[in-house]
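For reference, the structure is listed below as structure tokens.
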Amino acid sequence: MNTFRKDVSDDNVLSVTFENVGPGWEQHVLITSDRHWDSGKSDRAMQKRHLERALEHDALIIDLGDLFDAMQTRNDRRGSKSAVLDELNSSNYLNELVEQATEWFKPYVKNWLMMGTGNHETAIVRHNEFNLTKQLAWNLNREGGDIFLGNYTNYIKFQFLRRARTYVPSYNVWYHHGYGGNAPRSKGVLAVDLRAAEHPDADLLIAGHTHQTWMVPKVRNRLTQQGRVYQQKQMHVQVPSYKGGVAKDGFEAEKGFSPTLQGAIWWRMYYRREGNDERILHEFTWVE
């Protein structure tokens with residue numbers, strides 16, 4: 001894996017600085033969201049396939065929350081006894097969730113960069129006063145990880161240090177677990193312009209929650225202090241879920257949710273130099 005260091009600001013913004021960046025350098029990142037790992041409708045085989053690929057390519061892992069489904073507590077109106085997996089059917093349900101997830105995700109701790117928080121986890125905090133994400137990150141860090149506990153929304157700043165100890169321009173990522181409804185017609189794409197206006201310093205904007213997936217590049221005209229006009233690309237990515245299946249009964253069926261694609265986002269960043277211009281280029285691919 002490429003050498004990098006991590007720093008955290010007072011606003012809990014994570015900075016990742018890669019060192020020795022130059023010709024031939026590249027870094028992969030697996031961006032995931034809404035694993036709903038403990039749901040019977042979550043595709044664990046796909047998750048494992050993607051995580052193994054992350055190991056193979058020395059990829060970093062960024063997860064935007066709802067790693068847990070966690071809907072089977074006693075007072076959850078969305079819960080169903082028939083939906084409880086046999087191995088989780090226990091009086092200490094939340095403890096079993098964390099302990100079993102720790103064992104399942106333990107092989108990937110060295111690659112896991114950030115673990116965000118989703119609305120399923122915040123619901124457990126509100127109603128049960130227990131932070132599943134914080135406990136899982138703590139457990140995995142005891143197993144050799146160095147996982148950053150992310151907010152529901154915040155920024156990650158990627159910086160690139162040349163061998164000559166000079167910086168290539170940084171790349172700012174705004175992340176959000178997600179918000180809003182299923183948006184069966186627009187798929188949430190209408191949020192792009194609003195997000196672009198609200199987060200002008202972000203180069204990449206990623207969100208989950210809706211289980212939709214799309215990628216929309218947005219080009220903006222910018223002006224330097226010297227009066228030079230140039231164009232800057234801002235990338236908007238909606239991250240899919242690993243939870244799927246046909247909804248015949250339950251919450252999804254009653255709300256009329258449309259079927260969605262399952263998968264994750266594979267991000268490749270790599271160094272390129274043309275004359276005196278050196279930069280890091282970025283490619284995004286939906287993977288299933």
Side-chain angles (χ1 to χ4, degrees), residues 31-51 61-106 108 112 115-137 139-140 147 149-150 152 176-182 207-213 238-264 288:
I31 307 175
T32 62
S33 187
D34 298 270
R35 292 177 176 274
H36 297 277
W37 171 83
D38 52 297
S39 169
K41 296 180 180 179
S42 179
D43 194 333
R44 288 193 181 183
M46 181 185 288
Q47 292 187 54
K48 185 169 287 290
R49 185 166 68 249
H50 293 169
L51 290 168
I61 301 167
I62 294 174
D63 190 88
L64 302 182
D66 279 2
L67 182 148
F68 293 101
D69 199 59
M71 292 201 301
Q72 310 309 326
T73 54
R74 181 178 301 169
N75 299 316
D76 196 322
R77 63 181 178 83
R78 304 165 299 176
S80 170
K81 289 184 178 180
S82 63
V84 180
L85 298 176
D86 290 341
E87 62 267 29
L88 293 171
N89 193 359
S90 169
S91 57
N92 59 340
Y93 166 66
L94 295 179
N95 294 88
E96 285 294 330
L97 276 181
V98 175
E99 291 172 11
Q100 292 186 31
T102 300
E103 289 302 309
W104 205 88
F105 290 106
K106 185 166 63 176
Y108 314 105
W112 211 297
M115 188 172 288
T117 304
N119 58 290
H120 280 244
E121 288 94 5
T122 58
I124 295 297
V125 174
R126 284 196 305 272
H127 299 295
N128 299 278
E129 300 179 345
F130 183 61
N131 192 320
L132 291 165
T133 309
K134 185 176 182 178
Q135 187 63 56
L136 177 60
N139 286 4
L140 292 175
I147 300 171
L149 182 63
Y152 200 94
H176 198 296
H177 171 68
Y179 51 85
N182 187 245
H209 180 64
T210 64
H211 297 201
Q212 304 288 351
T213 182
Q238 185 68 37
V239 184
S241 170
Y242 285 104
K243 186 177 180 181
V246 179
K248 298 179 180 178
D249 297 291
F251 185 78
E252 292 92 345
E254 292 172 6
K255 294 295 184 180
F257 286 175
S258 301
T260 56
L261 293 171
Q262 295 168 269
E288 62 177 340

Checklist entry - Are Asp43 and Gln47 linked by a side-chain donor-acceptor pair shorter than 3.5 Å? => result no
Over all heavy atoms of both residues, which pair between [X] and [Y] is shortest? Give the atoms and the distance, please.
X: Ile147; Y: Ala137; answer: CG2-CB, 4.5 Å
X: Ala264; Y: Ile31; answer: CB-O, 3.5 Å
X: Asp66; Y: His120; answer: OD1-N, 2.8 Å
X: Leu88; Y: Tyr93; answer: O-CD1, 3.6 Å
X: Ala207; Y: Gly178; answer: CB-CA, 4.4 Å
X: Phe130; Y: Ile124; answer: O-CG2, 3.2 Å

Checklist outcome for this item: Sequence neighbours excluded, the answer for salt bridge (charged side-chain N to carboxylate O under 4.0 Å, His left out) partners of Glu103 is Lys106
Would a 4.5 Å heavy-atom cut-off, applied to side chains only, mark [X] and [Y] as touching?
X: Asn92; Y: Glu96; result: yes
X: Thr122; Y: Arg126; result: yes
X: Thr32; Y: His50; result: no
X: His36; Y: Tyr242; result: no

Separation of [Y] [atom2] from [X] [atom1] (nearest 0.5 Å):
X: Leu261; Y: His211; atom1: CG; atom2: NE2; value: 12.5 Å
X: Lys243; Y: Ser33; atom1: NZ; atom2: OG; value: 13.0 Å
X: Met115; Y: Phe105; atom1: CE; atom2: CZ; value: 7.0 Å
X: Trp112; Y: Leu140; atom1: CH2; atom2: CG; value: 7.5 Å
X: Leu136; Y: Glu121; atom1: CG; atom2: CD; value: 9.0 Å

Donor-acceptor under 3.5 Å ([X] side chain, [Y] main chain):
X: Thr213; Y: Gln238; value: yes
X: Asp38; Y: Ala70; value: yes
X: Gln262; Y: Ser241; value: no
X: Gln100; Y: Glu87; value: yes

Checklist entry - Per the side-chain contact (heavy atoms from CB on, under 4.5 Å) rule, which among Asn119, Val239, Thr117, Asp63 passes with His177? => result Asn119
Checklist entry - What class does the angle between the rings of Trp104 and Tyr108 fall in, given that below 30° is parallel, 30 to 60° is tilted and above 60° is perpendicular? => result tilted
Checklist entry - Once the angle between the rings of His176 and Tyr152 is folded into 0 to 90°, is it parallel (under 30°), tilted (30 to 60°) or perpendicular (over 60°)? => result perpendicular
Checklist entry - With sequence neighbours left out, what residues match Glu129 under side-chain contact (heavy atoms from CB on, under 4.5 Å)? => result none
Item to check | Worked verdict on Thr102 versus Gln135 for side-chain contact (heavy atoms from CB on, under 4.5 Å) | outcome: CA-CA 9 Å; Thr102 300; Gln135 187 63 56; over 6 Å; no
